[in-house]
Number of protein chains: 2
Amino acid sequence: MSTKAEENYLKTIFKLSEKEKNSVSTNSIAEELETKPSSVSDMLKKLSEKELINYVKYQGVSLTPLGHRLAVHVIRKHRLWEVFLVSHLNFKWDEVHDIAEQLEHIKSKALVNRLDAFLNFPSYDPHGDPIPNEKGSFPKSTAIPLNLLKVKTKGKVVTVERDEPSFLNYLDKIQVSIGTHIEIVDVNDFDHSIDVKIDGTPIHISLEVAQNILICVL
Amino acid sequence: MSTKAEENYLKTIFKLSEKEKNSVSTNSIAEELETKPSSVSDMLKKLSEKELINYVKYQGVSLTPLGHRLAVHVIRKHRLWEVFLVSHLNFKWDEVHDIAEQLEHIKSKALVNRLDAFLNFPSYDPHGDPIPNEKGSFPKSTAIPLNLLKVKTKGKVVTVERDEPSFLNYLDKIQVSIGTHIEIVDVNDFDHSIDVKIDGTPIHISLEVAQNILICVL
DNA sequence: ATTATAATTTAGATACATCTAAATTTATAT
DNA sequence: ATATAAATTTAGATGTATCTAAATTATAAT
């Protein structure tokens, strides 16, 4: 049986694995979890003994198939609860993260699967992140970051890659949410900012923001 | 901020306070929590330092107003989640206890109150136990144990006082659930068992069982 | 290639929650 | 009233998860 702390480490390693291709470093885990590298070392030893990660001292870690399964299951729970909080309890998408961080550690296979069914087997959470199914496979997605699209391209928002309230509030302010239609009007080669039309309204968006908005081209 | 363990102790002390009038003993807490008296002593010291209980060595404990408030709040969460699990996720009433034991420790005032509203402010959980409101007050109830009723009395089940699956399964078998109509047909002075009619069907019930079924007389 | 710097790990502490075994206090019985 | 039994507490360990400070290993710079 896995503890909350173990699950948080696995989730973090999973998340960082997407960026740090092969192996995830101790320091990046510490930074992400806002803890000290020495604490991370301790925990990596433990996860390794439980065969949840591949760990060679001083050389970073990767998830074993078992660790991967567990991480994906925790992510599944997190995202399903977020859907529930937004769609049934009327939370806003920037309010649900902390609560879901707690709910994701509730242990009951039946609960997760019944919640999934109750929510009609959603494929994406309120931030547009894909929700793995019971077997752990993610829905296929062809989303592209907004900053990579060419002028005149039209598409709709399927995901955002950050979940800080400051970011989500900004999106609310410029009226961007999951499903919003966006058209690229102009690209500024100097600072890579872009001009877009959101539901007809012209808006200027920085590279920083555009990188974190994923679009499905129409 | 209170830990899970602290909350479980407070809940247990609250529960035992109903039976052991003034003060609750170390041993009864240990038995209820399936732990050792020495562990209980340790925790009582801590709860006392946090001013959640009144504790005089060797003389048992009682909840302070603060401890009482916290205990009631945990109970509120437990019972609201049980309602959710049964009414929206189709769990049976004997399946929800362990899951609610976990959910009751989720910390978010907003979550509890929105869940409460989503469930339409229920007054009783699936076992018939009263649910305190946000301010901590319980709905008034005039329920009486089935074994105390006189012959020919009619009433309906409002609560059961045990939640072991063995007990709940037995109730399912004899078709007793919250709201079931029961009429007292005869009382056996020898073993205090009773004959009742449940929706017209005659059933024989032991004292042990009758004591744990609470009735609202009609 | 050697040194300096950065990353990582180990050693030793602390806090929480639990345990066993021993000591202490309270209650009970004669 | 005193001995015995029962209840309770203390002392000392253990396991989890964290920390600081020191040691070690890897990486970068000259």
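Below, read A as the first sequence line, B as the second, and so on, with proteins coming before strands; counting in each chain starts at 1.
- Put simply, B:S25 has no side-chain N or O that comes within less than 4.0 Å of OP1 or OP2 on D:dA7.
- Within the structure, the ring pair (Phe, Tyr, Trp, His ring centres under 6.0 Å) test picks out no pair touching residues 45-64 of chain A (sequence neighbours left out).
- Residue A:T35 places its side chain closer to D:dC19 than to any other of C:dT18, C:dT9, D:dC19.
- Rounded to whole angstrom, the span from the CG atom of B:L44 across to the P atom of C:dT18 amounts to 11 Å.
- The distance between atom CD of A:E7 and atom C1' of D:dT16, rounded to the nearest whole Å, is 15 Å.
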Can you give the donor-acceptor pairs under 3.5 Å from side chains of residues 69-76 of chain B to other protein atoms, not counting sequence neighbours?
unit_1 : atom_1 : unit_2 : atom_2 : d
B:R76  : NH1    : B:D116 : OD2    : 3.1
B:R76  : NH1    : B:P132 : O      : 3.0
B:R76  : NH2    : B:N113 : OD1    : 2.8
B:R76  : NH2    : B:D116 : OD2    : 3.1

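- Between the CD1 atom of B:I29 and the C1' atom of D:dA7 there is a distance of 13 Å, given to the nearest Å.
- Listed pair A:N27 / C:dT8 meets the phosphate criterion, a side-chain N or O lying under 4.0 Å from OP1 or OP2.
- Spacing between atom CE of B:M43 and atom P of D:dT8 amounts to 17 Å, rounded to whole angstrom units.
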*Could you run down nucleotides 10-16 of chain C 5' to 3' and tag each one B, S or - for protein heavy-atom contact under 4.0 Å?*
B-----S

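- Applying the ring pair (Phe, Tyr, Trp, His ring centres under 6.0 Å) rule to A:F91 yields no partners; only residues at least two apart in sequence or on another chain are considered.
- We find that CD of B:Q59 is positioned 12 Å from C1' of D:dA7, with the value rounded to whole Å.
- Between the NZ atom of A:K50 and the C1' atom of D:dG15 there is a distance of 11 Å, given to the nearest Å.
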Please set out all donor-acceptor pairs under 3.5 angstrom arising from side-chain atoms of residues 96-107 of chain A, sequence neighbours excluded.
unit_1 : atom_1 : unit_2 : atom_2 : d
A:H97  : ND1    : A:D163 : OD2    : 3.3
A:H97  : NE2    : A:E101 : OE2    : 3.2
A:E101 : OE1    : A:K11  : NZ     : 3.2
A:E101 : OE2    : A:K11  : NZ     : 3.0
A:Q102 : OE1    : B:K107 : N      : 2.7
A:Q102 : NE2    : B:K107 : O      : 2.9
A:E104 : OE1    : A:K11  : NZ     : 3.3
A:E104 : OE1    : A:H78  : ND1    : 2.7
A:E104 : OE2    : A:K11  : NZ     : 2.7
A:H105 : ND1    : A:E7   : OE1    : 2.6
A:H105 : NE2    : A:N8   : OD1    : 3.1
A:H105 : NE2    : A:E101 : O      : 3.3
A:K107 : NZ     : A:S2   : O      : 3.2
A:K107 : NZ     : A:E7   : OE2    : 2.9

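- Side-chain contact annotation: B:D191 with B:S193, donor-acceptor N/O pair under 3.5 Å present.
- Ranked by how close their nearest DNA chain D nucleotide is to the 5' end, A:K4 and A:K36 are led by A:K4.
- Qualifying ring pair (Phe, Tyr, Trp, His ring centres under 6.0 Å) partners for A:H192, counting only residues two or more places apart in sequence or in other chains: none.
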